[in-house]
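None of the values given here were measured: they were computed from a predicted structure. All values below come from the heavy atoms of this structure, side chains included, with hydrogens, waters and symmetry mates left out. In this chain, residues are counted from 1 in sequence order.
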Amino acid sequence: MLLEDLNQSQREAVLCCDSPSLVIAGAGSGKTRVITYKIAYLLEQGYEPWSIMALTFTNKAAREMKERIGKLVNEEQARYLWAGTFHSIFGKILRYESDYIGFTSDFTIYDTSDSKSLIKAIIKDLHLDEKKYKPSAVLAHISNAKNSLVLPDAYRNSSRLLEHDRAQQMPETCLVYDEYMQRCKKSNAMDFDDMLVYTWLLFKNHPDIAQKYQEKFKYILVDEYQDTNYAQHQIVLLLTGNQQHVCVVGDDAQSIYSFRGAKIDNILNFQKLFSGVKLFKLEQNYRSTQTIVSAANSLIHHNVQQIRKDVYSKGDVGEPIEVCKAYSDVDEANIVVRKIRNLVAKENLKYSETAILYRTNAQSRSLEDALRKQNIPYRIYGGTSFYQRKEIKDVIAYFRLVINPNDEEALKRIINYPNRKIGDVTVGKILDAASVNNLSVWEILTHLDLVDVNSATKARLQAFADMILSFREVAMSQDAYNAGLKIVNESGIRADIFHGAEPEDVSRQENLQEMLDGMASFVQERVEAGAGYMLTHYLSEVSLLTDMDEDESEGDNKVTLMTVHAAKGLEFEAVFVVGLEEELFPSSMSMDSPRQIEEERRLFYVAMTRAKKHLFLTYARRRMKYGITSDCEPSRFLRDIDKRFLKSDKPEMPSFKDIVSRPTFIPQRPRIIPETPRNVIQTPPSNFIKVRKPVSETRPVNNVPTSVNGLTVGSVIVHERFGEGVVERLEGSGLDAKACVRFQNSGTKQLLLRFAKFTLKN
């Protein structure tokens, strides 16, 4: 009766129990169903529950698996299954066999913070430069080595790894690694990576123990095999031994975690490592429309490294996939918001049935801004809202203190960031002095004789106060972008954030650069509108965006924003994949590697197959990069999709070569070539913004003309950032000439014409 719920391909995969089997499960094809039904079938065939091992990547997946099996067979049997994550299952084995690996059974498991704390102590003990050897970066190197089963001795003898460490300015990482392993063992402790390493060592160095578990587990199943790393793969090989009763399930087309150590070769080469492997392909998609499935197929077929399959859907044909060409990143965000509103109004979709997917976390800024301005509730899945990210809050705290030195909370946040050796004890003395003398903390910094600290500490406090004062002068004389750029560079924030090269470091760097680009965009927009564009004006706007009080009346009915990596395994009625441009998606870091380009294509495949009914793909023709408005090329992946499944939401955009010639406040500058080092925040020429009081604030507008500079009411223009719009009103003349323009996606804007960048549409 179990088999009646399965389609033909699923049924065949479940019934195969006498030989190794590889189940390639296309997106939305019922992978979890096959695993749970196969375990239930094995139990019906007489397998004892404790003789079955099912390995997953998350506790949630293991828990759901047991619950489903309990409903199919009975909960008592499901309770005795060895079903869980790699770490939980192997941790149990290691406690049983701890004597063989030099630990006691009550060993401690270190979490990431424990590991970082120990590494920090080792760095200090080895007298290494703490600014270069950051614990998170060193831990990442050690983790990568462990996942590849490279132990300290092998690490020390690897010219490739040593060269990589030298390039990262951490040549002594091998010493830290060796000391870290020794100290963990002395402390009877393991980190999560050690649980894989020691399981592998246990089975490799003790064949009798390996045989014991080979005989214990009559059948082994592994979920999401495309995500396994080298260590996990080798342990599976040792566990299966000669009996080879193993079934691995996954989809090579969804292998997207190489940065975590995942090896797509594990699933691609599975048939070569086991004899008599039977291959099953789950190709019927139960999630998406035929159009979405066919479009995703046409994309992924461009990859060379893959196990080919033809996923199909028996659902509705569905609407064509809409490709939205935006004039700028601002226009792109507004297009997405407008289309979400239309879906909610016309299709009766809930906000919670809609998702916006992007390649990098930094891209959320413009989308969040647009959603907030339209009062659309949203949530950041698996992450933090842009303005709540630590590096952004740190920079904003600097801005707040520069504008208002008496801002005590801002001062406490950044007085010792980056590290200036102004510790908590010193800060406490400053606060006490402020309280005793009835002064603000900033006033105490200008009267350091009132603080009981030594001369060296006074010098550091004086240097900090002088720096803030110098920034105040900049903030009063330069626009928000240039002032912000100077603060970021000269405070030491740039040097701190751009030091590392690990994924989390790169994400922080992208966030910081996105903030600066947003400031440049803010200045340009304010100049065109004849409004204030100084740092104080920027802070006033950002304060509205950083008000994180959620409207609980919306409950969980919120648009979901997330990276494509975070979206794997999820599904939504409507999906927007944004930023489909060269060097963004695919990432600029993948351009020189065909293997990495293929992973980027798989990532896009994952993004497309999250959509059930509506799929929108967007890209911007121009995007702010390093403070410069730069041209963008549409992603090569858009060309990979069969055009039969696509439609464009608007005609091709006019060229910006014909921009109306007029005096400009923000001169165009050369585009930064891709080879620009990632760790350099570009400093624009000194004439980027010349600070002056906007003309509109000094000269009143009294006349209402019918024509200005060739524009009339009703003229259609194409603006560099806001896209297409209609002139609704004209004011003034000469230098004071303004136009009120209603844009298709960006709402109504007032433009000071001598600064505005647009073309007049014929």
Going by atom types only, do [X] and [Y] share a side-chain donor-acceptor pair under 3.5 Å?
X      : Y      : value
Asp193 : Ser143 : yes
Asn7   : Tyr286 : yes
Asp208 : Gln211 : no
Thr560 : Arg379 : yes
Asn285 : Ser29  : no
Tyr225 : His233 : yes
Tyr605 : Asp640 : no
Gln306 : His301 : no

Query raised in the report: Only one of Glu215, Lys218, Lys216 forms a side chain to side chain contact (heavy atoms under 4.5 Å, CB included) with Ser51, so which one is it?
Result: Lys218

Query raised in the report: Is it true that a side-chain atom of Asn205 and a backbone atom of Leu202 form a donor plus acceptor pair closer than 3.5 Å?
Result: no

Is the ring centre of [X] less than 6.0 Å from the ring centre of [Y]?
X      : Y      : answer
Tyr198 : Phe103 : yes
Tyr37  : Tyr41  : no
His614 : Phe572 : no

Between [Y] and [X], is there a salt bridge with N-O shorter than 4.0 Å?
X      : Y      : result
Asp227 : Lys263 : no
Glu573 : Lys612 : yes
Lys31  : Asp223 : yes

Query - Residues Asp191, Tyr180; criterion side-chain hydrogen bond (donor to acceptor under 3.5 Å, both in side chains); working and verdict - result: CA-CA 10 Å; Asp191 62 24; Tyr180 175 72; 2.8 Å; yes

**Report entry** Whether Tyr219 and Tyr47 hold their rings parallel, tilted or perpendicular, with breakpoints at 30° and 60°
**Finding:** perpendicular

Query - From Glu581, Glu598, Glu582, Glu600, residue fulfilling salt bridge (Lys or Arg N to Asp or Glu O under 4.0 Å) relative to Arg636 - result: Glu582

